[in-house]
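This report refers to the structure that appears directly beneath it.
Below, chain A is the first sequence line, B the second, and so on; all start at residue 1.
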Amino acid sequence: MVFPVLLWHRRDLRLQDNAALSEAAQHSLQVVPVFVFDRQILERLDTAPARVAFMLQALQRLQEGYRQLGLTLVWRLGDPGVELQQLATELGAQAVFWNEDVEPFARQRDRRVQESLAAAGIRSFVCQDLMLHPAGEVLTQTGEPYSVFTPFWRRWSSLPKRDPYPVPKGLQPLPNLEEQPLPSLADLGFVCTQEIPAAGEAAAQQLLEDFCGGLRILDYERSRNFPAEEGTSRLSPHLRWGTLGIRQVWQATVEVEAEVRSEEAQASLQTWRQELCWREFYKHVLAHWPHVETGAYRRAFDALAWDNRQDWFQAWCAGETGYPMVDAAMRQLNQTGWMHNRCRMIVASFLTKDLLIDWRWGERYFMQKLVDGDLAANNGGWQWSAGVGTDPKPLRIFNPATQAARYDPEGEYIRRYLPELAGLDTSALLWVGDDAKGAWALQERRACGYPAPIVDHKVQQQEFKRRYQAVQR
DNA sequence: TTTTGAGTTGTTCGA
DNA sequence: GTCGAACAACTCAAA
């Protein structure tokens, strides 16, 4: 007698390299994949239409993938605890498998689901899939979690990495299970106006191949700094939604390593691997210190005095601050649901240190727009930018003009996202300041209908420093 | 226990 | 234009 088992998909929308899928198949070949649209998540204020749209498309691809294996992806809308218990009972399933998450909300939900299943005599199996090394596996010599990246990286990179999980063979369909067409974005109550990237496993594999199989990864150290270039992998939405497995990504870097000759290429490879490590570092931070979800890692900095001016916040959101690099970046976010990482740092520094607005406002806005929006990574990035996170030693205040001159020297990125300024001379895009040249640049921009800077960087950063130091004492 | 070395991504100044 | 030093001085991780 074969009993079916449920595989509960959440942020692992793929067949390849999926821990829970492999483990479920070892338990029973009659695997029923299921996804639950969680009303609580859909109704949250920081749920981005772009993210839901990407997820839906990934689910469509996943449904097609299962169809090719002869299986049916089942979906429900409601409370996962209720829905999974009902479905398992209905189908006579004796176990539910899923991949562990680190977010406080998810952990609490999963505990509830586990209890609700247990009450019905159904077992739960929680698998490790999200990271190369789950929280608790990377610890200092005294068994403490790391709070500084570099020692974490040294330990993390020295640990052996496991191979990708193969797609299980011989999966058996459950008879009489009919495929339900997935809901549309509108059915879920969302409208997405952003031009989001293609979702699904095939798209993810293609990006990985483009980045690691070509030469781009070998120039990453340099090209990642220039937002006008296609220097980054663009894998973030896929790692967010699990349309790509992390072990497979690591394996791709191992294959590159075998062919690397020059020292620069070797450095590029390691730098990119560090980015994978950063992803896990912030997940560890969230898992070990869940208070970061709502406040500063260094609690003293919850006392930082913010101005929180609504009009300035609106200008920042809309990309109308009068600082071209900041505005171009915000418009990229608004238009595409993605922003280059250097620009994320620039706009975050600007919101907190120039506009004196609480980093959590920016964090929330990012979550409302980002297709790759992830609590741990977004929160970690914002706390780092605000100087309240795990490693705030050097108080880095980005100068938006210096950053633009250094990383967009031809103004290519600025022109792409601020078309009203596209006809101007590069110096008119980049110059800022109170000298004659700065005044000329502002005049040129104003003639195009572009706003004057809403704040003076020099004045504001002084004020921020003052407040920051007041908290330190 | 104490000490030591070092810390993602900066900025500005002056040689 | 490029480079190195000063900035200011705290906290973590390991020896």
Side-chain angles (χ1 to χ4, degrees), chain A residues 138-158 220-227 229 231-233 236 267-282 284-285 288-289 296-301 304 323 325-326 329 339-350 352-354 376-410 413 426-427 430 432-435 456-462 464-473:
Chain A
V138 188
L139 299 170
T140 65
Q141 288 177 350
T142 54
E144 297 294 314
Y146 286 98
S147 65
V148 174
F149 175 75
T150 304
F152 178 88
W153 155 251
R154 279 198 274 267
R155 181 90 191 106
W156 182 91
S157 55
S158 75
Y220 179 71
E221 182 80 35
R222 182 202 65 82
S223 62
R224 67 173 184 151
N225 283 313
F226 299 91
E229 291 188 34
T232 65
S233 71
S236 58
S268 275
L269 176 66
Q270 290 300 40
T271 300
W272 196 65
R273 279 179 169 170
Q274 278 196 5
E275 299 303 324
L276 300 178
C277 185
W278 272 102
R279 170 179 173 273
E280 302 202 359
F281 177 66
Y282 282 140
H284 282 230
V285 169
H288 290 298
W289 299 285
Y297 169 79
R298 285 166 209 273
R299 295 172 200 264
F301 285 99
L304 251 174
Y323 282 83
M325 195 63 182
V326 172
M339 192 195 291
H340 190 280
N341 189 50
R342 173 152 297 280
C343 300
R344 294 188 198 202
M345 295 187 286
I346 296 171
V347 303
S349 178
F350 190 78
T352 52
K353 291 156 183 172
D354 288 79
N378 190 47
N379 176 272
W382 274 96
Q383 295 217 23
W384 183 85
S385 284
V388 303
T390 47
D391 185 28
K393 159 61 177 78
L395 178 58
R396 298 183 183 86
I397 299 178
F398 283 55
N399 182 326
T402 308
Q403 287 284 316
R406 196 174 294 158
Y407 300 116
D408 191 31
E410 309 299 325
Y413 178 77
T426 302
S427 53
L430 302 180
V432 176
D434 33 28
D435 57 356
D456 183 331
H457 173 69
K458 238 187 197 153
V459 174
Q460 296 297 105
Q461 62 124 74
Q462 282 297 336
F464 179 83
K465 259 187 208 162
R466 203 184 57 74
R467 296 186 192 186
Y468 189 85
Q469 279 156 8
V471 171
Q472 271 186 327
R473 298 218 171 88

Candidates C:dA13, B:dT12, C:dA15 - which lies nearest the side chain of A:Thr140: C:dA13
Between A:Tyr323 and A:Phe350, ring centroids under 6.0 Å: yes
Distance-only donor-acceptor check, side chains A:Thr271 and A:Glu221, under 3.5 Å: yes
Side chain to side chain, A:Met325 and A:Asp408, heavy atoms closer than 4.5 Å: yes
C:dA8 to B:dG5 separation - P atoms, rounded to the nearest Å: 23 Å
Under 4.0 angstrom between A:Gln403 side-chain N/O and B:dT11 OP1 or OP2: yes
Helical stems, DNA chain B - three or more consecutive Watson-Crick or G-U wobble pairs below 3.5 Å: B:2-7 with C:10-15, B:10-15 with C:2-7
Pairing residues for A:Arg222 by the salt bridge (Lys or Arg N to Asp or Glu O under 4.0 Å) criterion, not counting sequence neighbours: A:Asp219, A:Glu229
Under-4.0 Å side-chain N/O to phosphate OP1/OP2 contact, A:Asn399 with B:dT12: yes
Under 4.0 Å protein heavy-atom contacts per nucleotide of nucleotides 4-12 of chain C, with B for base, S for backbone only and - for none: ----B-BSS
Positions of residues 275-282 of chain A (non-hydrogen atom under 4.0 Å from DNA chain B), listed by number: A:Glu275, A:Trp278, A:Tyr282
Under-4.0 Å side-chain N/O to phosphate OP1/OP2 contact, A:Gln141 with C:dA15: yes
A:Arg279: partners by salt bridge (Lys or Arg N to Asp or Glu O under 4.0 Å), with sequence neighbours left out: none
Can you name the atoms? Protein N/O to nucleotides 2-4 of chain B N/O, anything below 3.5 Å, with the distance.
none

Short side-chain N/O contact to B:dG10 OP1/OP2 from A:Thr402, under 4.0 Å: no
A:Met339 backbone acceptor or donor facing A:Arg344 side chain under 3.5 Å: yes
A:Phe149 and A:Trp153 aromatic ring geometry - parallel, tilted or perpendicular at 30°/60° bounds: parallel
Short side-chain N/O contact to C:dA14 OP1/OP2 from A:Arg154, under 4.0 Å: no
